[in-house]
Participant: 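I have a structure I would like to understand better, so I am pasting it below and will then ask my questions one at a time.
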Amino acid sequence: MTINKKIRLRFAPSPTGGLHMGGVRTALFSYLYAKKHNGDFILRIEDTDQTRYVPGAEEYIIESLKWCGIEPNEGVGFGDGPHAPYRQSERKDKGIYTKYVEQLINCGGAYYAFDTEEEIEAMRKKLEAAKVVSPQYNAITRESMRNSLSLSQDEVQKLLNQKTPFVVRLKVPRNEDIRFHDLIRGWITVSSKQIDDKVLLKSDGMPTYHLAHVVDDIEMEISHVVRGEEWLPSAPAHILIYKYLGLENTMPYLAHLPLILKPDGNGKLSKRDKSGLPMFPLNWHDVRTNEKYIGYKETGYIKDAFINMLALLGWNPGNNQEILSKQELITQFSFEKVNKSGAKFDPEKTKWFNQQYLKQYSDEQLAELVTPLLKEKSINKPTEFIIEFCKLIKEKAHFINEFYDLGIYFFEAPTQYAEAVILKKWNSDLKPLYTELTDKLNTLTQWNLQSIHDVFNDFTTQGKKIDMQLVRVLTTGLAGGAQLLDFLALLGKDEIIKRLKAGIQAQK
RNA sequence: GGCCCGUUCGUCUAGGGGUUAGGACGCGUCCCUUUCACGGACGAAACACGGGUUCGAUUCCCGUACGGGCUACCA
């Protein structure tokens, strides 16, 4: 295992779609570890599958990382470092992979295979019919296929000269235990019987993931490979490549993260979910399928809350602390504290996280965030009004963009009155009392919290029972809402008197 | 099917050979509140099952069950 190597981690997504929260978490853990150890964090784009390329995906990944504050110090969209380019398609053009392919072929770790799709399919069918447990291109079956191991040197040369399409496959030993260490799971042993002769170089000249990521991790001097658990089964094949290259002792540490599971039911997180919660950091529009997905940002999440929630999905600091700043996450992160089992992500708790962060914001900060959203609704109020509005409404809200909906009565007089409350508490006999209240309020020369409070107090001491919830309904139309007296004070005498009169008028 | 990985309250998790198995979300009750929240207090709620090892297993080992992942010229 490596020692004294500079800490360098990479996030290496494929631009095949929007980056969902599972990917963001992988990037986050890598970032945290790199930062903790004063290392580098790199963004590499693994675009070796031309058929799955989605326009806009790469930009989306970059924008998402930026919004999340998970910024690479090297890589596509973040400035070139010493190992440019950082896009695998461009690296392929520079011949980086073929160099390694040749080395692998020369040392006997890989071989040419000329089989057509149909031939491989036929082989599989045959094996399935014979009830072979895993019908694969492997140490046994390759003997009956057309490749540089079964064919004579002359034949191979002839096929090559004729420009016959070929792939390069990894020569996996027939029966050999491959043992490797995972930072999260410990030692894992897999028999090479289980591994097929993976394609390393495709017939279009592109490397596959298996080859490309190993080569790039070597070239980019990556110290730790952090990726999802779905890669665990193919890790032995990667070990083999390092081994053939003679780099087994300097290969990166491996950390396979548990998967994030969908909130309801079982299975991996999918792009869309019944919970209604976003699965993506930002709004994502797939131009190929024309599918649109909502993002955390646009839903009104605070990025640090999103990051905090994500960090605690599969990891914990080992104590009861749940709200951690990015700096705290960096100093406390370790792979030892990453869980082994998959985590269902909980929409309710996600909202709670955001609320915790919302509470930390000052009213002024909130006003700044809310003002543009109100402008969209053609609401232009003085800043002091918005600040006070935020102060009153923030405890009711989980999200910035809920402020308007939750506090619409700050800006518009009610047209309907909470039916349940009216039904339960109102009757026509009350009209004189509430009219008297209105008149009394109308006589106030000073309109503030204290003077309003005094008016209500006077009624109470005189034994006249004013129901505060009814006042709330008459002035806001709703059964619940912000601090009532503060609300009355903020809206001003004229508006409140007007609303009270209209409210009383509207009741039977 | 085969292989790999996993399994502590409904969910996220702490813990770890002897604990009243701790916290958080959600839920319930109460307090605070002239209204609504916030907040506070309390409560219900978990070691998948079966064998070992051991004086003692939730913790270690082995099975079983269940869940997940992988099984492409996709990553």
Side-chain angles (χ1 to χ4, degrees), chain A residues 12-17 46-49 51-52 113 115-117 120 124 128 131-137 165-169 182 184-185 188-191 193-196 198-210 212-213 227-236 256 258-259 261 263-264 266-268 309 312-323 337 339-353 355-356 359 392-397 406 421 453 456-457 459-460 465-473 476 478-485 487:
Chain A
S14 293
T16 54
E46 309 221 325
D47 55 347
T48 53
D49 187 355
T51 63
R52 293 209 309 158
D115 318 276
T116 63
E117 240 175 87
I120 293 170
R124 285 216 178 91
E128 273 163 30
K131 300 223 163 70
V132 171
V133 278
S134 46
Q136 292 178 321
Y137 203 115
F166 67 87
V167 300
V168 174
R169 284 181 182 271
D182 183 274
I184 295 167
R185 286 150 215 285
I188 294 165
T189 308
V190 182
S191 166
K193 274 191 286 193
Q194 304 303 328
I195 307 158
D196 64 336
K198 294 198 183 305
V199 171
L200 300 178
L201 197 68
K202 298 185 260 188
S203 54
D204 65 359
M206 278 286 189
T208 60
Y209 169 81
H210 305 294
H213 95 273
R227 70 223 312 189
E229 195 184 4
E230 70 268 25
W231 290 108
L232 213 41
S234 57
H256 289 93
L259 264 17
L261 276 18
D264 52 331
N266 300 312
K268 261 209 273 197
M309 178 277 290
L312 258 52
L313 217 49
W315 173 84
N316 72 83
N319 53 41
N320 287 335
Q321 191 182 357
E322 291 198 285
I323 302 299
K337 283 285 172 193
N339 283 308
K340 294 181 183 72
S341 51
K344 267 186 200 171
F345 116 97
D346 182 2
E348 288 307 320
K349 189 121 187 197
T350 305
K351 290 180 192 163
W352 176 82
F353 271 109
Q355 202 180 23
Q356 297 307 305
K359 277 158 62 180
L392 293 177
I393 214 74
K394 68 176 174 187
E395 282 171 356
K396 328 287 297 181
L406 287 171
V421 179
H453 183 264
F456 282 100
N457 237 2
F459 273 80
T460 308
K465 175 92 176 98
I466 298 289
D467 188 308
M468 296 306 281
Q469 196 178 19
L470 273 178
V471 176
R472 177 186 291 285
V473 173
T476 72
L478 301 173
Q483 285 277 4
L484 187 56
L485 294 184
F487 164 76

Participant: For the C1' atoms, the ones on C55(B) and on C12(B), what distance do you get once it is rounded to whole angstrom?
Facilitator: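 Here C55(B) and C12(B) have their C1' atoms 37 Å from each other.
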Participant: Rounding to the closest angstrom, what is the interatomic distance between U54(B) and G18(B) at atom C1'?
Facilitator: 12 Å
Participant: According to side chain to side chain contact (heavy atoms under 4.5 Å, CB included), who are the partners of Thr460(A), at least two apart in sequence or on a separate chain?
Facilitator: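 In terms of side chain to side chain contact (heavy atoms under 4.5 Å, CB included), with neighbours along the sequence ignored, Thr460(A) is linked to no residue.
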Participant: Does any non-hydrogen side-chain atom of Arg169(A) lie less than 4.5 Å from one of Lys198(A)?
Facilitator: no
Participant: Using the 3.5 Å cut-off, write out each protein N or O paired with an N or O of nucleotides 9-12 of chain B and the distance between them.
Facilitator:
residue: C12(B); atom: OP1; partner: Lys344(A); partner atom: N; Å: 2.9
residue: C12(B); atom: O2'; partner: Leu312(A); partner atom: O; Å: 3.4

Participant: Quick one, give me the B/S/- string for nucleotides 58-63 of chain B, reading 5' to 3', where B means a protein heavy atom under 4.0 Å from the base and S means that only happens at the primed atoms, P, OP1 or OP2.
Facilitator: ------
Participant: Could you tell me how far apart Arg185(A) (CZ) and G6(B) (P) are, to the nearest whole angstrom?
Facilitator: 6 Å
Participant: Considering every strand shown, what is the Watson-Crick or G-U wobble mate of U34(B) when both distances are under 3.5 Å?
Facilitator: none
Participant: I'd like the C1' distance from U59(B) over to A46(B), given in whole Å.
Facilitator: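 Result for the C1' pair: 15 Å, nearest Å.
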Participant: What heavy-atom pair brings His210(A) and Val199(A) nearest, and what distance separates the two atoms?
Facilitator: CD2-O, 4.3 Å
Participant: With 3.5 Å as the limit, what N/O pairs link the protein to nucleotides 37-48 of chain B?
Facilitator:
residue: A37(B); atom: O4'; partner: Lys396(A); partner atom: NZ; Å: 3.1
residue: A37(B); atom: O2'; partner: Glu395(A); partner atom: O; Å: 3.2
residue: A37(B); atom: N3; partner: Glu395(A); partner atom: OE1; Å: 3.3
residue: G39(B); atom: OP1; partner: Lys359(A); partner atom: NZ; Å: 3.1

Participant: What string of B, S and - do you get for nucleotides 69-75 of chain B, 5' to 3', when a contact is any protein heavy atom under 4.0 Å?
Facilitator: BSS-BBB
Participant: Which residues satisfy the salt bridge (charged side-chain N to carboxylate O under 4.0 Å, His left out) test with Asp115(A), sequence neighbours excluded?
Facilitator: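 With sequence neighbours excluded, Asp115(A) shows a salt bridge (charged side-chain N to carboxylate O under 4.0 Å, His left out) to no residue whatsoever.
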Participant: How far does the P atom of G28(B) sit from the matching atom of G68(B), given to the nearest Å?
Facilitator: 30 Å
Participant: Not counting sequence neighbours, which residues clear salt bridge (charged side-chain N to carboxylate O under 4.0 Å, His left out) with Arg52(A)? List them please.
Facilitator: Asp49(A)
Participant: With C1' as the reference atom in both, quote the distance from A48(B) to C66(B) in angstrom, rounded to an integer.
Facilitator: 8 Å
Participant: Please determine whether the number of non-hydrogen atoms from other residues, nucleotides or ligands lying under 6.0 Å from atom NZ of Lys202(A) exceeds 12.
Facilitator: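 More than 12 heavy atoms, drawn from other residues, nucleotides or ligands, come within 6.0 Å of this atom.
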Participant: Restricting to salt bridge (charged side-chain N to carboxylate O under 4.0 Å, His left out), what partner residues turn up for Lys349(A), sequence neighbours left out?
Facilitator: Glu322(A)
Participant: Return the set of residues passing ring-ring contact (aromatic ring centres under 6.0 Å, His included) with Phe487(A) (not counting sequence neighbours), or none when no residue passes.
Facilitator: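 Partners of Phe487(A) by the ring-ring contact (aromatic ring centres under 6.0 Å, His included) criterion, ordered by chain and then number, come out as Tyr409(A), Phe410(A).
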Participant: Just to verify, what does His213(A) make a ring-ring contact (aromatic ring centres under 6.0 Å, His included) with, not counting sequence neighbours?
Facilitator: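 ring-ring contact (aromatic ring centres under 6.0 Å, His included) check on His213(A) returns Tyr209(A), His238(A).
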Participant: With sequence neighbours excluded, tell me which residues meet salt bridge (charged side-chain N to carboxylate O under 4.0 Å, His left out) with Asp182(A).
Facilitator: none
Participant: Give none if G63(B) has no partner; otherwise give the nucleotide forming a Watson-Crick or G-U wobble pair with it, both distances under 3.5 Å.
Facilitator: C49(B)
Participant: Partner of U29(B) by Watson-Crick or G-U wobble geometry, both contacts under 3.5 Å, or none?
Facilitator: A41(B)
Participant: Which residues satisfy the side-chain hydrogen bond (donor to acceptor under 3.5 Å, both in side chains) test with Gln469(A), sequence neighbours excluded?
Facilitator: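 With sequence neighbours excluded, Gln469(A) shows a side-chain hydrogen bond (donor to acceptor under 3.5 Å, both in side chains) to Lys425(A), given in chain and number order.
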